[in-house]
Amino acid sequence: MLLNEVHHRVKNNLQVITSLLNLQANNVDDPRVRDILNESQNRVRAMALTHQLLYERKDFSRMDLGDYLDRLAQLLRGAYRSSASGVELQLERPGQPVYLDLERAIPCGLVVNELVTNAFKHAFPAQRTGIITISLHSCDERLTLGVRDNGVGLPAGFDFDTVKSLGLQLVPLLIDQLHGELQMVRDGGASYLITFPAVLPARGTT
């Protein structure tokens with residue numbers, strides 16, 4: 001009961017922060033600053049969603065990653081419905097539940113948020129239409145999380161170590177928290193594949 005109440009209160013506090021960011025964004029004239037505030041709002045929403053699902057499911061040790069990605073995709077569709085109306089966001093998930101420990105649920109949600117946000121902003125310039133796909137696969141006790149699009153592709157020489165965007169600078173740090181590995185593919189768009197263990201070894205074991 002205590003854990004249930006804690007997650008409920010954390011979720012409510014994060015929603016207050018989201019509302020404050022929204023109010024601030026609505027009172028800013030500079031479009032660049034407004035975009036920064038909206039992106040921060042999406043990050044807080046991704047974290048709040050973790051606590052919302054834990055509160056709803058009453059399981060405080062793990063999360064069905066497919067359900068989480070489904071709800072996150074709905075939030076991101078809503079956030080970019082007006083600015084990228086010709087871009088479709090899809091989710092490919094297994095038929096069976098795929099569980100992830102609570103420790104890595106938030107980094108997982110944030111890395112998807114950053115990659116999908118980047119695709120919405122840069123993969124389809126000049127009102128191009130296209131598709132962004134979030135995918136989740138499980139095999140041999142490892143999970144593969146993918147974000148791909150059929151947009152204009154990554155620029156030549158793209159490197160996470162040299163990008164200036166805060167969101168993309170966060171991606172390698174978040175992947176480290178997942179204990180994962182990143183593979184990028186430049187073929188008819190951009191594709192990111194993140195592979196990480198389904199279950200982390202217990203602390204103190206080798």
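If you're wondering where the values come from, they're calculated on a predicted model, not measured in any experiment.
When the shell of 6.0 Å around CD of Glu92 is examined, it contains more than 12 heavy atoms from other residues, nucleotides or ligands. Counting heavy-atom neighbours within 6.0 Å of Gln74 CD, excluding the residue itself, gives a total above 12. Counted within 6.0 Å of CZ on Arg81, heavy atoms from surrounding residues, nucleotides or ligands total 12 or fewer; the atom is thus considered open.
Glu39 places none of its side-chain heavy atoms less than 4.5 Å from the side chain of Glu114. Counting heavy atoms from C-beta on, the side chains of Ile194 and Thr144 never come closer than 4.5 Å. Side-chain contact between Arg71 and Leu53: present, with at least one pair of heavy atoms (C-beta onward) separated by less than 4.5 Å. Put simply, the side chain of Ser191 does not reach to within 4.5 Å of the side chain of Met184, judged on heavy atoms. With contacts defined as side-chain heavy-atom distances shorter than 4.5 Å, the pair Leu145/Val112 qualifies. At a threshold of 4.5 Å between non-hydrogen side-chain atoms, the residues Val199 and Leu100 do not count as touching. Within the 4.5 Å cutoff, side-chain heavy atoms of Glu88 are placed close to those of Gln90. Between Tyr192 and Asn118 the shortest side-chain heavy-atom distance falls below 4.5 Å.
Side-chain atoms of Asn113 do not come within 3.5 Å of backbone N or O of Gly109 as any donor-acceptor pair. Of the possible polar contacts, one joining the Thr162 side chain to the Asp159 backbone as a donor-acceptor pair under 3.5 Å is found. The backbone N or O of Arg142 lies less than 3.5 Å from no partner atom in the side chain of Asp140, so there is not a single donor-acceptor pair. Using modelled atom types, one side-chain atom of Arg77 and one backbone atom of Leu89 make a donor-acceptor pair closer than 3.5 Å. The backbone N or O of Asn22 lies less than 3.5 Å from a partner atom in the side chain of Asn26, making a donor-acceptor pair. Without hydrogens or angle criteria, Arg148 side chain to Thr133 main chain gives no donor-acceptor distance under 3.5 Å.
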Which atom pairs, one a donor and one an acceptor, fall under 3.5 Å between side chains of residues 168-176 and the rest of the protein, sequence neighbours left out?
from	atom 1	to	atom 2	distance (Å)
Gln169	NE2	Val163	O	3.0
Gln169	NE2	Lys164	O	3.3

Leu69 and Arg93: CA distance, side-chain angles, deciding distance, side chain to side chain contact (heavy atoms under 4.5 Å, CB included) verdict: CA-CA 9 Å; Leu69 293 174; Arg93 55 178 289 190; over 6 Å; no
Full working for side chain to side chain contact (heavy atoms under 4.5 Å, CB included) between Tyr68 and Leu49: CA-CA 8 Å; Tyr68 177 71; Leu49 180 58; 3.7 Å; yes
Worked check of side chain to side chain contact (heavy atoms under 4.5 Å, CB included) between Met63 and Thr50: CA-CA 8 Å; Met63 175 181 299; Thr50 304; 3.3 Å; yes
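The distance from atom CD of Gln177 to atom SG of Cys108, rounded to the nearest 0.5 Å, is 11.5 Å. Residue Thr18 holds its OG1 atom at 12.5 Å from CZ of Arg43, rounded to the nearest 0.5 Å. For the atom pair Leu20 CG and Gln15 CD, the distance stands at 12.0 Å (nearest 0.5 Å). From Asn38, atom CG reaches atom CZ of Arg45 across 8.0 Å, with rounding to the nearest 0.5 Å. One distance of note links OG of Ser138 with OH of Tyr99; it measures 12.5 Å at 0.5 Å rounding. Going from atom CD of Gln41 over to atom CG of Asp35 covers 12.0 Å, rounded to the nearest 0.5 Å.
The shortest non-hydrogen separation linking Leu136 to Gly66 is CD2-N, 3.9 Å. Between Gly146 and Leu193, the shortest heavy-atom distance links the atoms CA-CD2, 4.0 Å. Residues Pro125 and His122 come closest through the heavy atom pair CD-O, 3.8 Å. A pairwise comparison of heavy atoms in Phe124 and Asn150 identifies CE2-OD1, 3.4 Å as the closest pair. Closest approach of Asn27 and Leu23 over heavy atoms only: ND2-O, 2.7 Å. Looking at every heavy atom in both residues, Gly151 comes nearest to Asp149 through N-OD1, 2.8 Å.
A salt bridge links Arg104 and Asp101; the closest N-O separation between the charged side-chain nitrogens and carboxylate oxygens is under 4.0 Å.
No path of Ile, Leu, Val, Met, Phe, Trp and Tyr side chains, each step under 4.5 Å between heavy atoms, connects Val152 with Ile132, placing them in separate hydrophobic clusters. At a threshold of 4.5 Å between side-chain heavy atoms, the hydrophobic network of Ile, Leu, Val, Met, Phe, Trp and Tyr places Val33 and Leu21 in one connected group. Hydrophobic clustering of Ile, Leu, Val, Met, Phe, Trp and Tyr side chains at less than 4.5 Å, counting indirect connections, unites Val44 with Ile106. Ile36 and Leu115 are not part of a single hydrophobic cluster, where members link through side-chain heavy atoms under 4.5 Å apart. Two different hydrophobic clusters hold Ile131 and Val116 under the rule that ILVMFWY side chains link at heavy-atom gaps under 4.5 Å.
Between Tyr80 and Phe120, the ring planes are parallel. Angles under 30° get that label, and only those over 60° would be called perpendicular.
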